[in-house]
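Single-structure report; data block below.
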Amino acid sequence: MNSLDQLFVNANAFLLGLLPVWARPWISILVRLSVIAVLAPAIMMYLTWIERKIIARMQNRFGPDRVGVYGLAQPLADGLKMLIKEDIVPRGADRLLHLAAPILSVVPAILLFAVLPFGRNMIPADLNVGLLYFFAVSSVGSYAIFMGGWASRSKFSILGAMRSVAQIISYEVPGVLSVVAVIMVTGTLSTAGIVEAQAERWFLFTPWGFVGCLMFFLSGVAEVNRTPFDMPEAESELVAGFHTEYSGMKFALWYMAEFLESFAVCAFTVTFFLGGWHAPAVPFWTLALLLAIIVGAGTRLAIPVRGAGVLAMLGAGALWGAQPIPSWIWFFAKTYALIFVLVWLRGTLPRLRIDQLMGLAWKFFLPLGLVNILAAGLWTQFPFPLGTAAAALLLIIAGWLLVRANAPQSLQPQRVYVFAD
Amino acid sequence: MLPPPEEIKSALEQLLPGVSLTLDAGGLIVVPNDLVAVCRCLKENERFSLDYLANLTAVDYPAEQRMDVVYHLYSMAKKHGPVTLKVKLDRNQPVVASVTPIWRGAEFQEREAYDLFGVRFEGHPDLRRILMWEGFEGHPMRKDYVVEDQDVLG
Amino acid sequence: MIGAGVLRGMGVTFKTLLETYPWGRAILRTLQIPVTDGIFTIPYPETKQQHPERFRYFPFLVYDGTPDNLRCVACKICEQECPPQSIHIVMEKDEQGRPVKAHGRTLPKQFDVDMSICMSCRICVDVCPFDAIEMDNEYELSASDRYEHMIFDKHKLLKSAEYFQKIKPTEAATVDQRLAAKKAKTASPTGDKPSQPSGP
Amino acid sequence: MELKAGISPTIETQQLEVNLGPQHPSTHGVFRMIATLDGETIVKLKPVMGYLHRNHEQIGERITYIGSFPFTDRLDYFCAMSNNFGLALAIEQLGGIQASERGEYLRVIMAELTRLVNHTAVIGFLLNDMGAFGTPLLYAFREREKILDLFEAASGSRMMCNYVRPGGVREDVPEGWLERTRAIVNAFPRFLDEFEKLLTENEIVQQRCKHVGVLSKELAMNASVTGPMLRASGVNYDIRKVDGYSIYPRFTFRVPLGTVGDVYDRYYVRILEMRESLKILEQALKGIPGGPAISPKGQAIGKAPRTFRPPKGAAYGRIEAPKGELGFYLVSDGSPQPYRYHVRAPSFVNLTVLEDLCIGHKVADVIIILGSVDIVMGEVDR
Amino acid sequence: MASHIQHQSPIIQHRFEMAVDQGLQSELQKQGVFVTSWDQLLNWGRSNSIWPLQFGLACCAIEMIATAASRYDIARFGSEIFRASPRQADLIIVAGTVTKKMAPQVVRLYNQMAEPKYVISMGACATSGGPFHTGYNVLKGIDRYIPVDVYIPGCPPTPQALLEGLMRLQERIKSRSMGQEVGPKQGEYPIPEFGASGLAPRYNPDVFQPKKPWADPPASQLPKPIAPQP
């Protein structure tokens, strides 16, 4: 256990060491709470910055870059402005519900951080029912959204709220089913346990794990109301969906809840399927060596560039060999990679209509989830070559059958266009 | 191809006995109560098949106390040129039969003519103002309409 | 495969993302993917967009040499022809009402263009027989008050012929050529009395 | 699978009346639709217009023929050049003016460039209504900026060009302009391929657009619908081919026709039309002759608009604008001002069928149906 | 923190009494101590994240979208998020012709916005009815019913002119103190009703004070509608 990896754990232990024995459990709770309380808003603010910069770059333009260097102060400016904005409660609204809804949506988003394994034995609350806790807390969000939509007494909010409740409920089912396979294989509900089980092989690299990861990630995206499933706050139809009537800090809370939950979804996908804080199985220095060869062989690049590339790769390989990259860096790297995919989806895809959305959840993801559990069973029972092949075959057949059953005939015929003179 | 207006006039008089048409510089002048019959004939008759009403508008002549409604008809099936129909109405009581039952495209254009000129079209599905608000009085595109506030800085 | 179209679409946006970075373009070039335009933004306050020469925004009055030797003779043709009626001219007259002449030409006492009405359509320049009014390309004119800043009086409109040659070289050349030809024509047949035909 | 849900008989639900507009993120300006909803399905839809009625025709009757050219830029503010072209044709028909050869070529080049700008912008806005967070729209506006630079170099203004005159164009293009146009026209197909790669095979776009807002052939012809919307329903009616105005008969190009007439066809017919416009542009740029850009009579009218007094009579000139048939009806009584000045706007008439397309669809479909009808409020309300 | 933008066109800079005078502040900053008055911090926050309302009327709205597009990129100023609901917007850019039928909606939208709200009157039509001011259905400028912070002339103003107007608004926000009441904007603005041939009242007296800069106001240049020869 080298020092850099356990940096925070040792620091925490050292700090607690100074205190009397009886105070230690309380202070350790306090420390963990303060870490999350500081980490969550910072993550949320810089998620907005990441999203605006990446989407801007996808559209040939700079993102916000005039507020502080590279626009890093932009989230601070947004937050500060939201703080001092007037807070309007519409005349017909139900004041109490109107205030309670955004709070009720942020609180579960922050609670989710409790069971996230940020690094090797760096988990704020090591519950042995961590996964059950995750699903219980994340489903509270739909109450908040409907409460917000209903309390603002505006037609657009009600439409948005009804859509969102239908969507969140129908996407919780495939989310749970995809994780049931993980529970079956690892045998434990605790998130730390699941990450332990992925020490030598990430679940992503198993047939059932790959399908499970896709399903969990997509239903997570749907639960967080992000493109291509952002029906409830569909700007182009319902003005601003359920938070049409919110302004000032209450709207900022909705905004924070959405981004925190999307971070949580990515983090839990990493925990369940992408090996949590484990480093990729392939030793990095072989990767560095490979890259050095590629850069060296790159004929088109100029000589000095190739030389510098090779040296850099070799240096990185040596460094990593001696001092492995700490586990919590791997956790955040993978999470932010998934967040990049989330933003990439938002920057490219249009939105699905509400009934297609439901159809996808109930008629495609649900059966695929059940078959996935079967495949995981096959995978565990039989030894390596046979089990994986059987699971993979089963999934491919099921997937093909479902696509054929569900594909609306509108996709079938490739339209032919007559050219008249 | 489309025959010249004289031939259309004679053909129509044959097909619809008792219809009175006169020739004008560019097209035909129709008496208001023959309008629907002439239009239906022009549309259904195989030789003309004018199934496309391009433009319908009103022109105001305060000097002669008359209001014209002008129709430009084309054929999408046979791709031939415009036939211009004109109907002369009395300026104080401009009333004419609506052609919306014949060409659906006339619906909005007739509502605009009613809104801006005050021409009432009988048989129009819902003749309401289309551009101005409901409580607006007067028909602004008439030549004698006085605009309310002219002074930009006032 | 059901998701192929979606993935191909995401490939396009990822390629655009890579194009905006120099190292991204290098990667794309090594993979023989054609690189179209990377960053397309003109960062406004630092670098301003280079407008072509014919860019027109608001009119201005041209004077040769000193501001009181302006070409405009207050003939009010542009006031009539301006489609949105944004020009207002009052001719300089003495007490008896006779037009005052300077440099052999009548001149406007008051020449106002209301910039909040003008639609920058350049018809005043086309119809002006004396090439007295031209289109400027100054566009940074936002103001917090509508009256002082939006209505340009004569003094604010007057700009030198050199300024006109600086911003629109080819256009100024044709205008000067035409003026020189007219001056030569008026000078040669009637001796050398440089009399300008006074406006209608 | 497309379930056209009428009023569900079993559950007794209360119908919700919702105002989409006049201020709404995707009604393309100030257009209002009073929709009566049963759950999510549209039962009744009444369009309300007039929020941008700027008295274009009344002003047109009080200024000279040349004076109303800058106002036509503001009719359909995406296609300034083709609006001018329409009015110029009507005045030439009224006053018997013949345009110069080079002027005709320049007008056709400008009109086809405007078609490219309009169709890319329409597709960009359609995808924006579908929920893509601006990316297709910003790609479309990137290409539009390149073409607007050409317009700015030739006419002086990006959007309000006021460039076409009866008898040709106001000024000849600066030198080097034709080479820049050739470069952009040659580069445009690659952008179209990239745009198609992003959109046409995208399963979400196909699922959202196919069999939504189907316009039958008979209803389209009967409701005087024109332009890409009509051709998407399979009616072969393109005024460039039917009237053969200006010098279009010299160019060989084809007219794409759709089969089903739904939102997907209206989207794809516009992409095919852009490819045809590129063919016209290549031929026009190759064959453009020298000579004056405007006929002497047109030049004189431009110099002194009051002296242009067309003979007494009426004229109806029409062109194939990117949105449909744009017609100008001018009645002259010999004075320098038109006695009656009427604009037949394609978007205004195409909206007649909006209710028929939307009944039975969801709220999300109504937004993209309106996007595919492609209206611009400056032209609808005049 | 906020880079002070050197600006060439003269901006009316009505400074307010600084809680911390400039000399002291620059002195401390040299030693790395960053001192700012409470107003400067809040104004910095407010001016660098102005969220405009997604509200376009006519041609100027297309130029506003072009400003938000990739070439002029309003995102650099932090105002990339066009909020569709007036509750969450700070700035309403009145871009296009305000007709008499649309004016009540614009005033209602302005009333619905949350309080530190600003108005940019973009283009000739919003400022004074522009080229269409002779029409019967056109309101001669939105400043008759709501207070306008920045006027941008032009028909339509180029995207760079809009950006310059936005920067002027940012300067104006920075130069006002939180304590100083931000203009006479409190409370609801009366929404005009539709009258027989126009809006009643014709303008809101406490917002619009007509000043006649011309010695003699221009006689309306409209050529009289010529009596038609028979």
Worksheet, complete the sentence: On a heavy-atom basis, the closest approach of E:Gly135 and D:Gln58 is CA-OE1, 3.8 Å

Worksheet item: Given a strict heavy-atom distance threshold of 4.5 Å, which part of E:Ala68 is in contact with chain D: side chain, backbone, both, or neither?
Response: backbone

Worksheet entry | Among D:Leu148, D:Leu52, D:Ile59, residue most engaged with chain E (heavy-atom pairs, under 4.5 Å) | D:Leu52

Discussion item. Rounded to the nearest 0.5 Å, what separates atom CD in E:Gln105 from atom CZ in D:Arg32?
Written reply: 7.0 Å

Fill in: Any residue of residues 114-124 of chain D which, by heavy atoms, sits under 4.5 Å from chain E
none

Let me have the donor-acceptor pairs involving side chains of residues 58-67 of chain E, under 3.5 Å, with sequence neighbours excluded, atom names and distances please.
{"residue": "E:Glu63", "atom": "OE1", "partner": "D:Arg158", "partner atom": "NH2", "Å": "3.0"}
{"residue": "E:Glu63", "atom": "OE2", "partner": "D:Arg158", "partner atom": "NE", "Å": "3.1"}
{"residue": "E:Thr67", "atom": "OG1", "partner": "E:Glu63", "partner atom": "O", "Å": "2.6"}

Worksheet entry | Centroid-centroid distance, D:His53 to E:Phe132, less than 6.0 Å | no

Worksheet item: Okay, side chain of D:Arg54, backbone of E:Pro131: is any donor-acceptor separation there less than 3.5 Å?
Response: no

Fill in: D:Asp149 vs E:Arg71, salt bridge (charged side-chain N to carboxylate O under 4.0 Å, His left out): CA-CA, chis, key distance, verdict
CA-CA 12 Å; D:Asp149 288 349; E:Arg71 188 174 209 174; 2.7 Å; yes

Response to the item:
Whatever's closer than 4.5 Å to a heavy atom in chain D on E:Pro159 counts as side chain

Discussion item. So for D:Phe71, is it side chain, backbone, both, or neither that comes closer than 4.5 Å to the heavy atoms of chain E?
Written reply: side chain

Discussion item. Can you give me the closest heavy-atom contact between E:Cys155 and D:Met160, atom names plus distance?
Written reply: O-CG, 3.9 Å

Worksheet item: What part of D:Tyr51 is in contact with chain E, defined as an atom under 4.5 angstrom from a non-hydrogen atom: side chain, backbone, both or neither?
Response: both

